[in-house]
Visitor: 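Sending over a structure as structure tokens; questions will come in a sec.
Chain letters run A, B, ... following the sequence lines, proteins first and then strands; every chain starts at 1.
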2 protein chains.
Amino acid sequence: MPYSSFASMPCTLSRPAALLGERWTLLLLRQIFLGTRRFEDFQATMDISRSVLTDRLNVLLQENVLKRVPYHEDGRTRHEYRLTEKGRDLYPVLMALRTWGEKWMAPDEEESFHLHHRDCGGGVRAKVECTGCGVELTARDVQVTARE
Amino acid sequence: MPYSSFASMPCTLSRPAALLGERWTLLLLRQIFLGTRRFEDFQATMDISRSVLTDRLNVLLQENVLKRVPYHEDGRTRHEYRLTEKGRDLYPVLMALRTWGEKWMAPDEEESFHLHHRDCGGGVRAKVECTGCGVELTARDVQVTARE
DNA sequence: TCCCTTGCGTTCGATTTTCGAACTCAGCTA
DNA sequence: TAGCTGAGTTCGAAAATCGAACGCAAGGGA
């Protein structure tokens with residue numbers, strides 16, 4: 001059972017965990033959510049090797065997390081990498097990481113960027129809630145039931 | 001700027017992303033949240049190589065995500081790996097992955113395990129909300145402001 | 001036309017990680 | 001005494017990553 005076989009396990013947690021758990025992939029998504037869209041810009045800001053960057057972008061294209069969109073510059077047609085709806089839906093994952101990072105890795109740190117709600121200016125926080133009663137949940141509030 | 005240097009970047013998203021973005025780490029955390037606690041059980045259920053398992057467990061111990069807790073079996077003292085409070089607080093990250101996996105990777109799949117709120121039996125869902133007005137947020141609702 | 005630049009990769013040899021099988025070691029148990 | 005078990009450690013082979021050079025297509029300028 002190599003690492004890659006988790007990508008086809010019948011588990012809706014394993015598969016995303018195996019996909020985003022490859023080296024560079026989470027950092028790449030962070031960069032994308034911060035607005036980076038072009039190969040050269042990923043390469044420059046992350047200092048990832050070009051061959052690995054090519055590979056990770058291709059995996060995310062194949063998974064339909066990213067799409068290539070043509071654009072014009074200096075009269076030339078080029079392509080940039082943009083999030084699909086599926087990709088944009090990863091926002092809670094990134095925000096959960098950040099919420100955790102703020103609490104546990106540097107409570108008093110000046111963040112390298114600030115996030116706020118456009119409408120009211122409030123902060124941003126990830127949480128887990130019950131789809132039944134709407135209350136916020138922690139790991140202890142949740143019962144795990146294995147199948148078969 | 002090697003991969004490891006993201007672990008010390010002044011960004012509350014980069015550091016968690018670099019930590020959990022190492023191969024096997026997210027899958028290891030999944031297994032821990034599902035109740036696995038011993039070296040042999042991780043090795044058997046994930047089929048990870050023993051040396052990498054040792055390394056990943058040590059990183060999570062060092063980061064204070066896990067702690068080693070002694071227990072007794074057959075009159076012998078052994079140790080098991082358990083989540084610290086910091087580790088338990090990663091629950092929203094895992095739940096965000098699962099919420100995404102359910103929506104986008106297999107909407108109609110029989111899950112390998114089921115989760116429900118102990119108190120009301122409801123389902124579990126990760127989301128992002130505004131700390132000001134409490135409304136649910138998507139990436140589009142959030143303004144990013146870079147620092148200096 | 002010829003040469004230069006740009007963005008986006010590809011190639012390739014060297015270095016790191018990961019793999020898997022065997023080995024170690026301590027503390028029971030027979 | 002010999003064997004078993006959980007928890008690692010070691011080590012040579014295989015895979016992933018690195019960084020530097022190369023390829024290439026589409027302009028632009030002379």
Side-chain angles (χ1 to χ4, degrees), chain A residues 1-8 14 17-29 31-32 35-63 66-82, chain B residues 1-8 14 17-29 31-32 35-63 66-82:
Chain A
M1 192 202 295
Y3 184 85
S4 56
S5 73
F6 283 90
S8 55
S14 293
L19 175 62
L20 303 191
E22 282 288 6
R23 230 184 190 206
W24 292 112
T25 304
L26 280 174
L27 290 168
L28 183 52
L29 286 170
Q31 208 56 48
I32 291 170
T36 304
R37 288 171 185 173
R38 300 181 191 178
F39 191 94
E40 293 298 314
D41 294 336
F42 291 123
Q43 220 276 311
T45 56
M46 299 172 62
D47 203 23
I48 182 177
S49 80
R50 304 176 79 82
S51 47
V52 174
L53 176 56
T54 300
D55 178 75
R56 296 301 184 272
L57 288 170
N58 284 335
V59 169
L60 293 175
L61 285 173
Q62 229 173 336
E63 289 291 335
L66 298 180
K67 60 188 169 189
R68 280 164 60 89
V69 179
Y71 69 95
H72 290 274
E73 195 179 66
D74 311 331
R76 300 178 58 181
T77 299
R78 297 192 171 289
H79 295 269
E80 58 186 18
Y81 296 90
R82 282 173 163 270
Chain B
M1 193 201 293
Y3 183 85
S4 56
S5 72
F6 283 90
S8 56
S14 293
L19 174 64
L20 303 191
E22 283 287 7
R23 231 185 189 207
W24 291 111
T25 303
L26 281 173
L27 290 168
L28 183 52
L29 286 170
Q31 208 58 47
I32 291 170
T36 304
R37 289 171 184 172
R38 301 183 191 177
F39 191 94
E40 293 299 315
D41 293 336
F42 291 123
Q43 219 275 312
T45 56
M46 300 171 61
D47 203 22
I48 182 177
S49 80
R50 305 175 78 83
S51 46
V52 174
L53 176 56
T54 299
D55 177 76
R56 295 301 183 273
L57 287 170
N58 285 334
V59 169
L60 293 176
L61 285 174
Q62 230 172 338
E63 288 291 333
L66 298 181
K67 60 188 170 189
R68 280 163 61 88
V69 180
Y71 69 95
H72 290 274
E73 194 180 67
D74 309 334
R76 300 179 57 183
T77 299
R78 296 192 172 290
H79 294 269
E80 58 186 17
Y81 296 89
R82 280 172 165 271

Visitor: Go through C/dC19, C/dT10, D/dT17 for me and flag the one nearest to the A/V52 side chain.
Guide: D/dT17

Visitor: A/R68 side chain N/O closer than 4.0 Å to the phosphate oxygens (OP1, OP2) of C/dG7?
Guide: no

Visitor: Rounding to a whole Å, what distance do you find between B/D55:CG and D/dT9:P?
Guide: 10 Å

Visitor: CZ of A/R56 versus P of C/dG9: gap in Å, rounded?
Guide: 15 Å

Visitor: Counting side-chain heavy atoms from CB outward, which of C/dT18, D/dT9, C/dG9 is closest to B/R50?
Guide: D/dT9

Visitor: Would you check if A/L19 and A/V59 make a side-chain contact, meaning some heavy-atom pair closer than 4.5 Å?
Guide: yes

Visitor: Contact class for A/F42 (heavy atom, under 4.0 Å): base, sugar-phosphate, or nothing?
Guide: nothing

Visitor: Side-chain donor-acceptor pair under 3.5 Å between A/Y71 and A/R76, yes or no?
Guide: no

Visitor: Between the side chain of B/T25 and the main-chain N/O of B/G21, is any donor-acceptor distance below 3.5 Å?
Guide: no

Visitor: Send over the distance from B/D47 CG to C/dA21 P, rounded to a whole Å.
Guide: 10 Å

Visitor: Compare all side-chain heavy atoms of A/H79 with those of A/V69 and state whether any distance is below 4.5 angstrom.
Guide: no

Visitor: Answer whether the closest heavy-atom distance between the side chains of A/Y3 and B/L27 falls below 4.5 Å.
Guide: yes

Visitor: Nearest-Å distance, CG (B/L53) to P (D/dA7)?
Guide: 10 Å

Visitor: Expressed as a whole number of angstroms, how long is the span from A/Y3:OH to D/dA14:C1'?
Guide: 18 Å

Visitor: B/Y81 and B/R68: side-chain donor and acceptor closer than 3.5 Å?
Guide: yes

Visitor: Should A/Y81 be listed as having a side-chain N or O under 4.0 Å from OP1 or OP2 of C/dG9?
Guide: yes

Visitor: Which is more 5' along DNA chain C, the nucleotide nearest A/P2 or the one nearest A/R37? Just name the residue.
Guide: A/R37

Visitor: Apply side chain to side chain contact (heavy atoms under 4.5 Å, CB included) to B/L53 and B/L28, showing your working.
Guide: CA-CA 9 Å; B/L53 176 56; B/L28 183 52; 4.0 Å; yes

Visitor: Between B/T45 (side chain only) and B/D41 (backbone N and O only), is there a donor and an acceptor less than 3.5 Å apart?
Guide: yes

Visitor: Round to a whole Å and report the spacing from CG of A/L61 to C1' of C/dG9.
Guide: 13 Å

Visitor: Considering only C/dG9, C/dC19, D/dG8, which nucleotide approaches the side chain of A/T54 most closely?
Guide: C/dG9

Visitor: Compare side-chain N and O positions of B/W24 against OP1 and OP2 of D/dA16 and report whether any pair is under 4.0 Å apart.
Guide: no

Visitor: Nearest heavy atom decides the nucleotide; on that basis, is B/E22 or A/L57 closer to the 5' end of DNA chain C?
Guide: A/L57

Visitor: Apply the test side chain to side chain contact (heavy atoms under 4.5 Å, CB included) to residues B/L60 and B/L29: give CA-CA distance (whole Å), side-chain angles for both, the deciding distance (0.1 Å), then the verdict.
Guide: CA-CA 10 Å; B/L60 293 176; B/L29 286 170; 4.3 Å; yes

Visitor: Would you mind reading off the distance between A/Q43 atom CD and C/dG9 atom P, rounded to a whole angstrom?
Guide: 12 Å

Visitor: Any salt bridge linking B/E40 with B/R50? Criterion: basic side-chain nitrogen under 4.0 Å from a carboxylate oxygen.
Guide: yes

Visitor: Distances for protein N/O vs nucleotides 28-30 of chain D N/O pairs under 3.5 angstrom?
Guide:
none

Visitor: Send over the distance from A/F39 CZ to D/dG23 C1', rounded to a whole Å.
Guide: 13 Å

Visitor: Using atom names, set out every protein N or O paired with an N or O of nucleotides 4-6 of chain D below 3.5 Å, distance rounded to 0.1 Å.
Guide:
from: D/dG6; atom 1: O4'; to: B/R78; atom 2: NH2; distance (Å): 3.2

Visitor: Starting at the 5' end of DNA chain D, which residue's closest nucleotide do you reach first, B/R23 or A/S51?
Guide: B/R23

